[in-house]
Amino acid sequence: MADIKDIIGKVCPDAVYEENERPLAVVPDAKWHDVAVALKNASYDWLIALVGEDFGDALGCMYYLKSTADHSIISVKVVTTDRENPMIHSVSDIWKVAINEEREVYDFFGIKFINHPDMRRLFLRNDWVGYPLRKDYDMNPDLNPVRLYHEEPDDASVSYQEGADGKITAVPVKVFGDNEFVVNIGPQHPATHGVLRFRTSLDGEEIKKIDLVCGYIHRGIEKLCENLGYPQTIHFYDRMDYFSALPNEHCVCSCIEKALGVEAPRRAQVVRVICDELSRIASHLLFFGTFCMDLGATTALFYGLRERETILNILEETCGARMSFNYYTIGGLRADIHETFIPKVKELLAIMPKALKEYHQLVTGNVIFQNRLKHVGILSREDAISYGIGGPSGRASGWANDVRKTNPYAVYGELDFEQVVMDGCDSFDRYLVRMKEIEQSMKIIEQLIDNIPEGEFCAKVPKIIKLPVGHWYQEVEACRGAFGVYIDSRGEKTPYRMKVNGTCLRLASIVDLITRGSKIADLITIGGSLDYIVPDIDR
Amino acid sequence: MKWEDFNENEYIESLVEELKSSGQNVVVGKLDQLINWGRSNSLWPLTFATSCCGIEFISLGAARYDMARFGFEVARSSPRQADFMMVAGTIVHRMAPVFRRLYEQLAEPKYVIAVGGCAISGGPFRNSYHVVKGIDEIVPVDVFIPGCPPRPEAMFYGLMQLQRKVKVERFFGGVNRKRTREDFFRENPEIAEREHAQE
Ligand code: SF4
């Protein structure tokens with residue numbers, strides 16, 4: 001892979017390069033769009049994270065890009081010093097994932113993106129005062145009291161278009177036309193899996209366009225983290241995507257460990273991998289249950305939850321909780337595994353093949369089930385990459401993106417397992433990929449369960465954890481896809497900025513794309529097959 | 001469970017005292033008891049879950065904990081058909097008006113259970129700019145179930161407390177009150193002004 005200096009240097013000679021964990025280029029905003037095109041052409045076509053940040057003297061964004069060819073990661077920083085009317089060029093035409101992520105940055109920092117098609121707030125009410133993640137945000141509750149009246153429905157949006165002469169004009173945009181028939185689905189709706197709202201424009205039974213409205217469970221975790229010590233931030237990771245609590249904790253712990261320069265002892269690493277895979281199985285089982293329930297097969301929910309309870313029992317004995325585990329800590333584990341852990345996991349491994357067979361007998365072959373899923377909700381490989389859909393949903397579109405394989409962490413590099421990739425691109429394959437991943441997870445656990453090494457379960461770390469100055473990004477493969485944590489440290493006990501980068505916002509963003517033209521009843525199955533978790537969208 | 005095994009007995013006793021002191025017709029009293037027996041054993045929850053606590057609520061419905069044993073199994077997706085609302089999860093600013101409307105749509109007599117730290121006080125997110133610091137700021141709450149998330153057993157305990165409360169209530173001329181739309185708007189001038197200005 002060509003050095004990023006070569007790629008960027010051709011289009012933008014005045015870029016500055018900084019030494020960091022990864023290659024980092026600081027690009028002036030005027031050239032940023034050209035640089036982005038050049039990077040994409042050089043196979044850096046997966047925008048894995050777009051992090052808005054208030055750097056103190058400037059506002060700006062960090063872009064993390066991953067090459068789909070060799071999986072190397074680079075980062076680019078673009079800033080603007082204007083605090084009154086900050087503007088940066090949009091890259092939403094290059095990477096579609098940026099459409100919603102730039103709206104998020106606008107919501108939190110007030111940075112307007114030039115040439116972005118639809119610059120509205122994403123999470124907060126449209127009458128919200130201020131930009132909460134700026135360092136000078138006024139927390140006074142009088143400015144933003146709990147408002148009990150509904151916000152005005154807002155079809156008027158704006159796009160900041162740059163003319164040929166470089167002048168920027170605000171062009172009004174309408175989300176829905178005047179004659180469109182818009183049906184509101186959610187936020188309180190049993191099939192949206194949480195408090196998510198789709199404003200759906202219909203033509204008869206066909207979906208023409210969906211406007212995603214989120215923020216009904218936006219809890220402001222990123223801002224909260226800025227006032228907490230590093231060990232105190234870990235428990236939030238159980239409460240966003242609560243089904244993949246352990247992989248998420250794994251991510252934040254290894255990010256902090258990387259910054260501190262400690263390595264978890266091998267025993268901890270092996271146990272972490274086993275627990276991650278147990279959560280993955282539990283999560284996919286719940287997916288199986290709720291997905292089938294969306295299709296009307298209520299019995300399947302009880303089957304799926306039956307095995308999930310077995311896993312929760314195992315985890316409860318070791319971690320002390322059924323859902324909010326808070327089990328991993330910086331340097332290793334909070335406690336050693338319970339004495340029943342190994343035998344119980346073995347019991348689980350013994351019953352799972354039978355259970356899986358039962359699930360398949362129950363639903364997979366069913367004609368109604370297949371007809372409702374096959375060739376429904378087609379997501380092409382190009383779209384999956386452009387929208388940054390990692391995880392099982394992306395792998396069902398023929399895109400091998402499993403972080404455990406591409407950028408191995410912990411002991412995944414030594415293990416023998418397959419990355420499940422299918423190329424049906426439809427809801428049915430998204431379902432099958434998850435069912436097959438359960439088998440692969442079992443294979444991983446089988447290899448490790450008899451080989452948990454003796455020794456310490458937690459490395460020695462300082463009592464008060466201060467990270468050196470710098471920034472870090474760490475990715476893991478969580479149950480729904482790549483999950484990343486970005487930490488910017490100014491050498492203090494608390495992070496200067498902590499960004500949580502889940503996959504679910506991306507999954508929800510493609511609902512619009514892949515439901516267009518299908519029937520409204522398919523919206524439910526397509527949404528179910530993507531398996532997003534709403535608190536992870538909103539954070 | 002036996003009477004002595006419950007906590008909060010004084011609260012229920014004081015409710016009973018209150019009822020007795022107001023005096024009641026024997027026939028109506030017996031009818032009340034019968035109706036309340038029926039009501040308390042078929043309380044229908046609203047399917048309402050915003051986050052993590054909601055998942056434990058799903059576990060309640062599954063085979064291992066099985067809330068059908070207590071008559072709670074008929075979870076309704078429409079508030080108009082439900083008796084009570086388990087508020088399982090964080091309520092944030094944007095959700096607050098929606099949540100309030102759901103509450104108003106529940107048919108009388110209605111009850112609210114606050115499940116988990118978030119619903120009770122904002123929980124781990126209390127200091128956030130976007131989280132409501134306890135749902136009792138918005139709606140009246142009957143039972144609080146602490147935990148993060150509460151164990152399913154704890155949820156049952158809370159649900160049983162609600163049943164006990166229902167059992168000692170006065171149905172006729174008591175909880176079975178009639179409130180009209182006009183009453184509601186009189187009590188909530190702000191909502192009336194914002195949302196029904198045209199009327
Ligand atoms: S109380 Fe805890 S488990 Fe329940 S919603 Fe809040 S954070 Fe989640």
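Predicted, not measured: the structure shown is a model, and the values here were computed from it. In what follows, every chain begins at residue 1, and chains take the letters A, B, ... in the order their sequences are listed.
- In the model, B:S128 has no side-chain atom that pairs as donor or acceptor with a side-chain atom of A:R219 under 3.5 Å.
- Of the listed residues (A:R322, A:R308, A:M240, A:M323), the greatest number of heavy-atom pairs within a distance under 4.5 Å of chain B belongs to A:R322.
- Rounding to the nearest 0.5 angstrom, the gap separating the NZ atom in A:K223 from the CG atom in B:N127 is 12.0 Å.
- Using a 4.5 Å cut-off between heavy atoms, B:L46 touches chain A through its side chain atoms alone.
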- prompt: What's the verdict on side chain to side chain contact (heavy atoms under 4.5 Å, CB included) for B:H130 and A:L124, showing C-alpha distance, side-chain angles and the deciding distance?
  reply: CA-CA 8 Å; B:H130 201 244; A:L124 304 178; 3.5 Å; yes
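- Of all heavy-atom pairs spanning A:V146 and B:A96, the tightest one is CG1-CB, 3.7 Å.
- For A:Y216, the parts sitting under 4.5 Å from any heavy atom of chain B are the backbone and the side chain alike.
- Contact check for B:P97 versus A:R125: side-chain heavy atoms found under the 4.5 Å cut-off.
- Contact count against chain A (heavy-atom pairs under 4.5 Å) is highest for B:I55 among B:V132, B:I55, B:L102, B:T50.
- Only the side chain of B:P152 comes within contact range of chain A, with heavy atoms under 4.5 Å apart.
- A:V195 places none of its side-chain heavy atoms less than 4.5 Å from the side chain of B:V92.
- Only the side chain of A:Y137 has a heavy atom closer than 4.5 Å to any heavy atom of chain B.
- Residue A:K493 qualifies as open at atom NZ: its count of foreign heavy atoms under 6.0 Å is 12 or below.
- Side-chain atoms of A:H218 and B:Y129 include a donor-acceptor pair closer than 3.5 Å.
- Both the backbone and the side chain of B:V98 come within less than 4.5 Å of a heavy atom in chain A.
- Side-chain N or O atoms of B:S51 include none that pairs as donor or acceptor with a backbone N or O of A:P535 at under 3.5 Å.
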field: Residues B:R94, A:C214; criterion side chain to side chain contact (heavy atoms under 4.5 Å, CB included); working and verdict
entry: CA-CA 9 Å; B:R94 197 170 201 176; A:C214 30; 6.0 Å; no
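- Of the two parts of A:L228, neither the backbone nor the side chain holds a non-hydrogen atom closer than 4.5 Å to a non-hydrogen atom of chain B.
- Using a 4.5 Å cut-off between heavy atoms, A:E316 contacts chain B through its side chain alone, with no backbone atom that close.
- Between atom CG of residue A:L312 and atom OG of residue B:S59 there is a gap of 7.0 Å, rounded to the nearest 0.5 Å.
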task: Assess whether side chain to side chain contact (heavy atoms under 4.5 Å, CB included) is satisfied between B:M95 and A:I217, documenting all intermediate values.
output: CA-CA 7 Å; B:M95 192 65 197; A:I217 183 76; over 6 Å; no
- request: Assess whether side chain to side chain contact (heavy atoms under 4.5 Å, CB included) is satisfied between A:I221 and B:F125, documenting all intermediate values.
  value: CA-CA 7 Å; A:I221 289 176; B:F125 313 103; 3.7 Å; yes
